[in-house]
2 protein chains.
Amino acid sequence: MPAGADRERRRVGIVDVAAAAGVSRQTVSNVLNGREEYYSTATYEKVTSAMRALGYRPNRAAQTLRSRRTAQIGYHIFGEQLDQAQGFTLRFLQSLVRAAAEVDHQVLVFTHRRDDPLGVFKDLVARHAVDAIVLSESTVDDDRARFLADSGIPFACFGRLAPDLPQHWVDVDNTAGMSAVVDALVADGHLRFAYLAADGDQYWKLDRLDGVVRRLAHHGVRLPKSAMFRGSDQGVRRRARQLLTGKNPPSAIVTGSDAVAAAVVGVAHSLGLGVGSDVAVTGFDGGAVGLVTEPTLTSARIPVDRVSRTLVARCLRQVEHGRDDEPGLVLPTELVRGGSA
Amino acid sequence: MPAGADRERRRVGIVDVAAAAGVSRQTVSNVLNGREEYYSTATYEKVTSAMRALGYRPNRAAQTLRSRRTAQIGYHIFGEQLDQAQGFTLRFLQSLVRAAAEVDHQVLVFTHRRDDPLGVFKDLVARHAVDAIVLSESTVDDDRARFLADSGIPFACFGRLAPDLPQHWVDVDNTAGMSAVVDALVADGHLRFAYLAADGDQYWKLDRLDGVVRRLAHHGVRLPKSAMFRGSDQGVRRRARQLLTGKNPPSAIVTGSDAVAAAVVGVAHSLGLGVGSDVAVTGFDGGAVGLVTEPTLTSARIPVDRVSRTLVARCLRQVEHGRDDEPGLVLPTELVRGGSA
DNA sequence: CTGAAAGCGCTAACAT
DNA sequence: ATGTTAGCGCTTTCAG
């Protein structure tokens, strides 16, 4: 039996498509890569129908090797995440994956090793495993961002960066977000406020606090020192209890995040107070946490989808045109009204 | 000036290493791929030091194209995840990424498009974008698993699969986990129990319920119908309140998950009851949720790291030796005692 | 607009 | 134990 008779199920390659369509392999490649100047509509039809008929899908490794584009975006997550970020990280990742998919890219998730935080980054860059890297929960002076900037790989951060770093970032307007929350509360007639938040001196935590203080001042409402607290989850609960059982309790408790708000809601319940009626509670984030509290949270929603889409766009821009001097982008939050305020 | 004088920063390739080490490219390749039969210790030293000196890192695309191995594992996540799984998914992903990294693999995260749930899978398989795929939250008769089985790509699931599917799965022993919880509670002298859980008829939810009922029976304790409830988060809260304020309230509330347990803890607090003192509450999972409640939860901990490591191992086994007939693996949970029971 | 040639950087299969 | 010869399947460059 001649070798040609083998029922061998060969992978279908670009040449098979070319043969089936009666054109050369490049024409197929051009169609594949949407180089519209280089083929006629008729050719396009022939080629695409041949691809469909053969069930052809280009081999990624070959494309990558030749074009030097992986169509993959790296996303760094921290290994240990017992904190507030928990819920948000997954929401963001989901959004990022969708945003990447919209432009035919995939997301490679990676973590660092404890003993060598930058090692993975070096590896990824050196091995050309990704076209760009996205960072979230970045600090202003972020080691990772600094390394990426030095190495020259395209990147973008969710969170603003120091002025001496490339401004490849997107962030939300924390101050304005809190202002909107305060405005709504004031419009509802609240006069006695408190602000509770997780501790930490990240700029966004400070911005949120600042937003509340300033906006209340704008409305002529003072926020007494004793009604401001930033600390651990436990500390927040304790202080919430103190405030709510003390004399002249706040009628509205603004918090720095949905996680904190959820904790406060729990405390209020435990004191037999009606949330949204006896006391208003607000959060910041607008993700899933706020939907499982009872009542649901009024919160400043972070527009995750816009954030991730922008991040992906900025990455690809750098991939295609080299490092740019675009400034950072600040996105507004959206006030979502739940039953908690 | 001659062209050779260009200060052109060329990528260092395998030939550069070979030249520097004074060996052929294959020898370098052999060292790279740990084919120990094919080089001497002396050669190894020469080659590795040359690699270090040149800062050489093999190009992934080229390796993939030639070896037909991507060193990437795909992980599918659902797009909308407002439910209990939330916290767990991220914990699992983190663990999976680490487990993959331990064997020099990376994790590619992807979601499906609503209108074509299997489309991404087809694409990934056809384009050889990953070596294997990991699924979590799989159902017994999982469409995704069925597709993967048909397509022949290596895969592994967190969650048992129907007998007519390849048994590429790992799962935890839900029944035994609950038994351990019940044992601890009984040992503490509890006699009046209740069981609250999220609704849904996934086998693991049924197994957990079953575990509680059987083990209580084993101890001679009856769980009245009225003390068993499965429903929405809201429903659970309502029922918890009813139970705790009714006559003859339970002294121990066993729940189907840490998320439900957290809700029950909130309800107990709202009724002024001390959790861990007035009423015991237990969860199932052992992740971050149980650490932020007050007190922390007593729970059956899912050994995520073992799960993900096993999943990765099973994937690689198939990659290397083809589909196997290994049976599914059931892993035990570990009882973690928090302050809630 | 289409075709032919060249090669991305590596590893498999063979030789030595 | 090391070297030689061929590609992997595509895209780039350049010629028609």
Side-chain angles (χ1 to χ4, degrees), chain A residues 8 10-48 50-51 54-72 104 125-129 131 319-320, chain B residues 8-48 50-51 54-71 104 125-129 131 319-320:
Chain A
E8 186 179 66
R10 259 210 333 109
R11 260 195 57 74
V12 0
I14 201 168
V15 292
D16 302 303
V17 178
V23 298
S24 80
R25 54 197 284 151
Q26 282 61 267
T27 304
V28 177
S29 174
N30 289 333
V31 169
L32 221 47
N33 296 288
R35 288 188 231 302
E36 308 192 359
E37 327 90 84
Y38 296 130
Y39 54 81
S40 62
T41 324
T43 321
Y44 175 83
E45 283 305 337
K46 278 193 301 188
V47 172
T48 48
M51 296 200 302
L54 298 174
Y56 170 74
R57 317 253 46 200
N59 178 303
R60 282 284 308 276
Q63 287 183 312
T64 298
L65 181 56
R66 193 58 186 134
S67 67
R68 311 195 136 283
R69 296 266 308 241
T70 60
Q72 288 189 171
D104 290 310
V125 172
R127 308 193 57 179
H128 297 267
D131 290 339
V319 170
E320 274 149 27
Chain B
E8 187 178 66
R9 208 191 233 304
R10 258 211 334 109
R11 260 194 57 73
V12 0
I14 201 170
V15 293
D16 302 305
V17 177
V23 298
S24 81
R25 52 198 281 147
Q26 256 50 317
T27 303
V28 178
S29 174
N30 289 148
V31 170
L32 220 47
N33 295 289
R35 289 188 228 303
E36 307 192 359
E37 328 91 83
Y38 296 130
Y39 55 80
S40 61
T41 323
T43 324
Y44 175 84
E45 283 305 337
K46 276 192 301 186
V47 171
T48 49
M51 295 200 302
L54 299 174
Y56 170 73
R57 318 254 44 200
N59 178 303
R60 282 283 309 275
Q63 287 184 311
T64 298
L65 180 57
R66 190 62 236 216
S67 67
R68 313 195 135 283
R69 296 266 248 115
T70 60
D104 290 312
V125 172
R127 308 194 57 178
H128 297 265
D131 290 339
V319 170
E320 272 148 28

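Order of the sequence lines sets the chain letters (A, B, ...), proteins ahead of strands, with each chain counted from 1.
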With a cut-off of less than 4.0 Å, is there a side-chain N or O of B:Thr27 near OP1 or OP2 of D:dG3? yes

Nearest-angstrom distance from the residue atom CG of B:Leu54 to P of C:dG9: 15 Å

OH of A:Tyr38 versus C1' of D:dT13: gap in Å, rounded? 10 Å

Whole angstrom value for the distance that separates P of D:dT11 from CZ of A:Arg69: 12 Å

Partner set under side chain to side chain contact (heavy atoms under 4.5 Å, CB included) for A:Arg57, not counting sequence neighbours: B:Asp123, B:Ala126, B:Arg127

B:Val17: which of B:Thr48, B:Thr27, B:Val28 passes side chain to side chain contact (heavy atoms under 4.5 Å, CB included): B:Val28

Between atom CG of B:Leu65 and atom CD of A:Gln63, what is the distance when rounded to the nearest 0.5 Å? 11.0 Å

Both B:Arg68 and B:Lys46 contact DNA chain D. Which one's nearest nucleotide lies toward the 5' end? B:Lys46

Protein-nucleotide distance (A:Met51, atom CE; D:dG9, atom P), rounded to Å: 18 Å

Any idea which of D:dG3, D:dG9, D:dA1 is nearest the B:Val23 side chain? D:dG3

How would you list all residue pairs meeting salt bridge (Lys or Arg N to Asp or Glu O under 4.0 Å) that involve residues 59-72 of chain A, not counting sequence neighbours? A:Arg69-A:Asp131, A:Arg69-A:Glu320

How long is the line joining CZ of B:Arg60 and P of C:dG9, in whole Å? 16 Å

Rounded to the nearest Å, what distance is computed from the CG atom of residue A:Leu65 to the P atom of nucleotide D:dT12? 12 Å

Regarding B:Thr43, tell me which of base, sugar-phosphate or nothing describes its non-hydrogen contacts under 4.0 Å with the strands shown. sugar-phosphate

A:Thr64 vs A:His128, test: side-chain contact (heavy atoms from CB on, under 4.5 Å). Steps then yes/no. CA-CA 9 Å; A:Thr64 298; A:His128 297 267; over 6 Å; no

Where the side chain of A:Ser29 meets the backbone of A:Arg25, is there a donor-acceptor pair that is under 3.5 Å apart? no

Please work out if A:Tyr39 contacts a base, only the sugar-phosphate, or nothing of the nucleic acid, heavy-atom cut-off 4.0 Å. sugar-phosphate

Output yes when a side-chain donor or acceptor of A:Asn59 lies under 3.5 Å from a complementary backbone atom of A:Ala61, and no otherwise. yes

Whether each nucleotide of nucleotides 11-16 of chain C has a protein heavy atom under 4.0 Å at its base (B), only at its sugar-phosphate (S) or at neither (-) is summarised, 5' to 3', as BBB---

